[in-house]
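Written out below as structure tokens is the structure these notes cover.
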Amino acid sequence: MSDRIHITTAIFYCNGAPHVGSAYEALAADVFARAMRRRHGADHVSFLSGTDEHGDKIRRAALAEALAPKAYTDKMSALFRDVFAGLNTTFDYWVRTTDAGHEKFVQEMLTRTNQRGDIYFRDYEGLYCVDCERFYTEKELLPGNVCPAHNRPVELISEGNYFLRIDKYRDEVRKKIESDELRIRPVRYKNEALNMLAEPLADLCISRPKTRLDWGIEIPFDNRYVAYVWYDAFWAYVSAPAARLGLDEFMAGAWPHTEHFIGKDILKTHAVYWPPILLAAGLPLPRHLNVHGWLNFGGSRMSKSSGNVRDPLYYETVFGPDVLRYFVMREVVYGLDGDFSEERLIERYNADLANDLGNLTSRVLAMTQRYLGGALTACATAAGGDDQDRTLAQALHGLAGRVSDLAAELAFNRALEAIWQSLDAANKYVAATAPFTLAKDPAKLPRVGAILANLIEALRVIADTLEPFMPVTSGKILALLNVDAATAHQPFGEGIKPGHKVNPPVALFPRIEKPQSA
RNA sequence: GGCGGCGUAGCUCAGUUGGUUAGAGCAUGCGGCUCAUAUCCGCAGUGUCGCAGGUUCGACUCCUGCCGCCGCCA
């Protein structure tokens, strides 16, 4: 089986600026993508994100700024792209649903699906919420026919529309989810999805009349209609790679190994609607739905109205690169809701980044300068050495493999825990061997050289393993150690050789003093 | 209303198929070191493991009921 992997974030609906929640999803997917590149080779991984730019909410957001929809989404899509770039995400594809190539692809899929026979036209009368852009049944509404999501009255609309047969595929989809052929993780969301598939499903309305909304992709077989925004947006996962590789090759290769990263709010669309859309087009399903929770802010839901939303790049500029990424990966259990607060971020910063990682780097490089003139005099004692040496070597041995396995399971917090256990082992090793005491006796300098060689190797392995989680920091430490990429990836004890020069320390994470509140 | 989850040290949480004195990190207190970003190392804790029953030689871990919080579906 091919080990090609296609990784996606959700396609972000860009009617508002990206916030820390959007950043969290992009960061989790990016950590995963980087980890998979290390595991399978960069050539075997593609990573896709982008913006969802059609639909009524976009049209109205544009109107509110007195912009044409396209001008508005040009601006918003660039904003998302720049924020994610500022967070050092490594997308191979940035898809806009208004890209000409994407629009053409959606039309091809509509034609293809129509020819296969699962699209039909019928008149429909229903209660419609313009904010949700969907029809409701009376049972779903609050008294007075009020939309439960937006707390405003729905409208009675009567119109003809195109529908996609969904229930026809329900059994097939349920079986694939049950058997984990389409695996939903964590498993609690699998159960929720199966629950949703237990009852018959209404067919999906996939068109909107232009008389009501013309900001969309025209239905190729009826120019009075545009495609429903969700139908359009799903195909963003496929359109760009299909254009680059050819649809057939993409479908035969990476697509069945797709890893969708999505929030729990869009589980239903991805577990219930997306699979039938693919099956109706005669295409295979993705492999994994990786569902994450909400990022709460100080205990309450992060939202624009509560004023607790910050530009994700604020944290890059104030705390430095990688800090936000480290915090959300270390603190949040993937799949569960997490709590984000600046106070907690500063605690983590000081305890983990300044005191553990930064200070270890600093003390090891400082001793190497002071006692060895900056150049190693010995090999690491991975295979031999005394008890202390062996304890350190054991902590580093296989670290990269453990971290890679944990990242593959989306257990990012545990992966970082494992790395920090190695950092602890290195700090204990310094205390146990006390090279600063030995260095006072010139006869013991060879041992000091061996100890520092072990510590430099430990730092190298840790910095290398840290790359998916803290790419900038990883690069900084490897640069301080003066090692090239090939050396960086070596197992513990097989990297840096005697004679190798390392650089003097710099403070990677200056301690943040708590503001003295009077 | 149906289905499911959660409730463990001050805080955030681990606790595998039930088994000896219930763990980690942070925060707190004491001791040590001094290479280092006043950093690091060691020691000390404290917990009726939501409540009440039940099964068992033995339950945080299984069963029942209740309380509280939450999610999904209707």
Side-chain angles (χ1 to χ4, degrees), chain A residues 136-142 148 184 186-202 263-269 271-272 291-294 296 298-301 320 327-328 330-333 335-341 343-372 374 388 391-392 406 411 413-414 416-421 423-440 445 448-449 451-452 455-456 459 480 504-514:
Chain A
Y136 278 95
T137 61
E138 278 189 50
K139 282 202 299 184
E140 292 175 303
L141 295 168
L142 302 174
I184 300 177
V187 71
R188 51 185 301 224
Y189 292 116
K190 170 183 174 179
N191 294 333
E192 285 189 9
L194 288 172
N195 205 5
M196 295 170 193
L197 289 162
E199 302 289 326
L201 299 166
K264 63 182 181 180
D265 54 322
I266 55 174
L267 170 64
K268 184 172 188 174
T269 53
V272 175
V291 186
H292 62 80
W294 297 120
N296 295 317
S300 66
R301 173 83 188 276
F327 179 78
V328 294
R330 176 66 185 79
E331 191 84 354
V332 179
V333 178
L336 302 181
D337 289 359
D339 204 47
F340 182 91
S341 79
E343 196 183 344
R344 192 97 181 112
L345 182 136
I346 290 172
E347 277 175 24
R348 281 277 177 205
Y349 177 100
N350 280 335
D352 299 353
L353 301 181
N355 294 353
D356 291 342
L357 179 60
N359 183 58
L360 177 72
T361 305
S362 181
R363 69 197 303 210
V364 168
L365 291 177
M367 284 190 281
T368 307
Q369 290 304 317
R370 188 191 286 210
Y371 306 137
L372 307 180
Q388 275 125 9
T391 302
L392 179 68
L406 288 166
N413 60 327
R414 293 176 59 201
L416 283 167
E417 245 176 69
I419 295 174
W420 255 254
Q421 279 170 11
L423 281 171
D424 282 349
N427 269 324
K428 285 179 170 64
Y429 179 75
V430 175
T433 56
F436 42 84
T437 303
L438 300 180
K440 290 170 185 164
L445 269 182
V448 172
I451 289 167
L452 288 172
L455 285 165
I456 295 279
L459 269 183
L480 286 171
V506 297
L508 293 169
F509 299 100
R511 215 183 142 74
I512 299 170
E513 295 309 325
K514 278 187 186 152

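Convention: sequence-line order gives letters A, B, ...; per-chain numbering from 1. Just so you know, these numbers come straight off a predicted model, no measurement behind them.
The two residues Pro186(A) and Gly335(A) make their nearest non-hydrogen contact at CG-CA, 3.7 Å.
Rounded to an integer number of Å, the gap from CD of Gln421(A) to C1' of C26(B) is 16 Å. Summarising the geometry, the separation between CE on Met196(A) and P on G2(B) is reported as 19 Å, rounded to the nearest angstrom. Between the CD1 atom of Ile346(A) and the P atom of C26(B) there is a distance of 17 Å, given to the nearest Å. The interatomic distance linking Lys190(A) (NZ) with C73(B) (P) rounds to 19 Å, in whole Å. Atom pair Glu192(A):CD and G4(B):P shows a separation of 12 Å (rounding to whole Å applied). Summarising the geometry, the separation between CG on Leu267(A) and P on C73(B) is reported as 9 Å, rounded to the nearest angstrom. C73(B) atom C1' lies 12 Å from atom CG of Leu201(A), rounded to whole Å.
Using atom C1' as the reference point in both C30(B) and U48(B), the two lie 29 Å apart (nearest Å). Taking atom C1' in both G68(B) and U8(B), one finds a spacing of 16 Å when rounded to whole Å. The P atoms of C70(B) and U64(B) are separated by 24 Å, rounded to the nearest whole Å. Only the P atoms considered, G19(B) is 11 Å distant from C62(B), to the nearest whole Å. Using atom C1' as the reference point in both C43(B) and C33(B), the two lie 15 Å apart (nearest Å). One P atom belongs to G23(B), the other to U46(B), and the distance between them is 10 Å to the nearest Å. Going from the P atom of G47(B) to that of U21(B) covers 15 Å, rounded to whole Å. The separation of G45(B) from A24(B), taken at their P atoms, amounts to 11 Å, rounded to a whole angstrom.
When the salt bridge (Lys or Arg N to Asp or Glu O under 4.0 Å) test is applied to Asp352(A), the partners found at least two apart in sequence or on another chain are Arg348(A). Remark: Arg344(A) pairs with Glu331(A), Glu347(A) by the side-chain hydrogen bond (donor to acceptor under 3.5 Å, both in side chains) rule, at least two apart or across chains.
RNA chain B forms stems at B:1-7 with B:67-73, B:10-13 with B:23-26, B:28-32 with B:40-44, B:50-54 with B:62-66, each a run of 3 or more consecutive Watson-Crick or G-U wobble pairs whose two key distances fall under 3.5 Å.
For the pair Asn191(A) and Asp352(A), nearest-nucleotide mapping onto RNA chain B gives the more 5' position to Asn191(A).
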Give me, pair by pair, the N or O atoms of the protein and of nucleotides 5-15 of chain B that are less than 3.5 Å apart, along with how far apart they are.
none

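Annotation: Tyr371(A) is not in aromatic contact with Phe436(A) [ring centroid separation under 6.0 Å not met].
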- Query: Under the side-chain contact (heavy atoms from CB on, under 4.5 Å) criterion, do Leu267(A) and Val272(A) qualify, and how do the steps go?
  - Reply: CA-CA 8 Å; Leu267(A) 170 64; Val272(A) 175; over 6 Å; no

- Dump the intermediate steps for side-chain contact (heavy atoms from CB on, under 4.5 Å) on Tyr349(A) and Phe327(A), then the final yes or no. CA-CA 8 Å; Tyr349(A) 177 100; Phe327(A) 179 78; over 6 Å; no

- Message: Quick one, Phe509(A) with Asn359(A), criterion side-chain contact (heavy atoms from CB on, under 4.5 Å). Give me CA distance, side-chain angles, the key distance, then yes/no.
- Response: CA-CA 8 Å; Phe509(A) 299 100; Asn359(A) 183 58; over 6 Å; no

- Task: For the pair Lys268(A) and Glu192(A), evaluate side-chain contact (heavy atoms from CB on, under 4.5 Å) and give the outcome as yes or no after the intermediate values.
- Result: CA-CA 9 Å; Lys268(A) 184 172 188 174; Glu192(A) 285 189 9; over 6 Å; no

- Verdict with supporting geometry, Asn355(A) and Arg511(A), side-chain hydrogen bond (donor to acceptor under 3.5 Å, both in side chains): CA-CA 8 Å; Asn355(A) 294 353; Arg511(A) 215 183 142 74; 2.9 Å; yes

Donor-acceptor pairs are to be reported for all side-chain atoms of residues 425-435 of chain A against protein atoms at under 3.5 Å, with residues two or more places apart or in another chain.
| unit_1 | atom_1 | unit_2 | atom_2 | d |
| --- | --- | --- | --- | --- |
| Asn427(A) | OD1 | Arg363(A) | NH1 | 2.7 |
| Tyr429(A) | OH | Asp389(A) | OD1 | 2.7 |
| Tyr429(A) | OH | Asn454(A) | ND2 | 2.9 |
| Thr433(A) | OG1 | Tyr429(A) | O | 2.7 |

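The one candidate from Leu508(A), Asp424(A), Leu365(A), Leu423(A) that meets the side chain to side chain contact (heavy atoms under 4.5 Å, CB included) condition with Leu360(A) is Leu423(A).
Judged by distance alone, with hydrogens and angles left aside, the side-chain atoms of Asn350(A) form a donor-acceptor pair with the main-chain N or O of Ile512(A) at under 3.5 Å.
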- Would you give a per-nucleotide map of nucleotides 32-44 of chain B, 5' to 3', where B means the base has a protein non-hydrogen atom under 4.0 Å away, S means only the sugar-phosphate does, and - means neither? -SSBBB-SSSS--

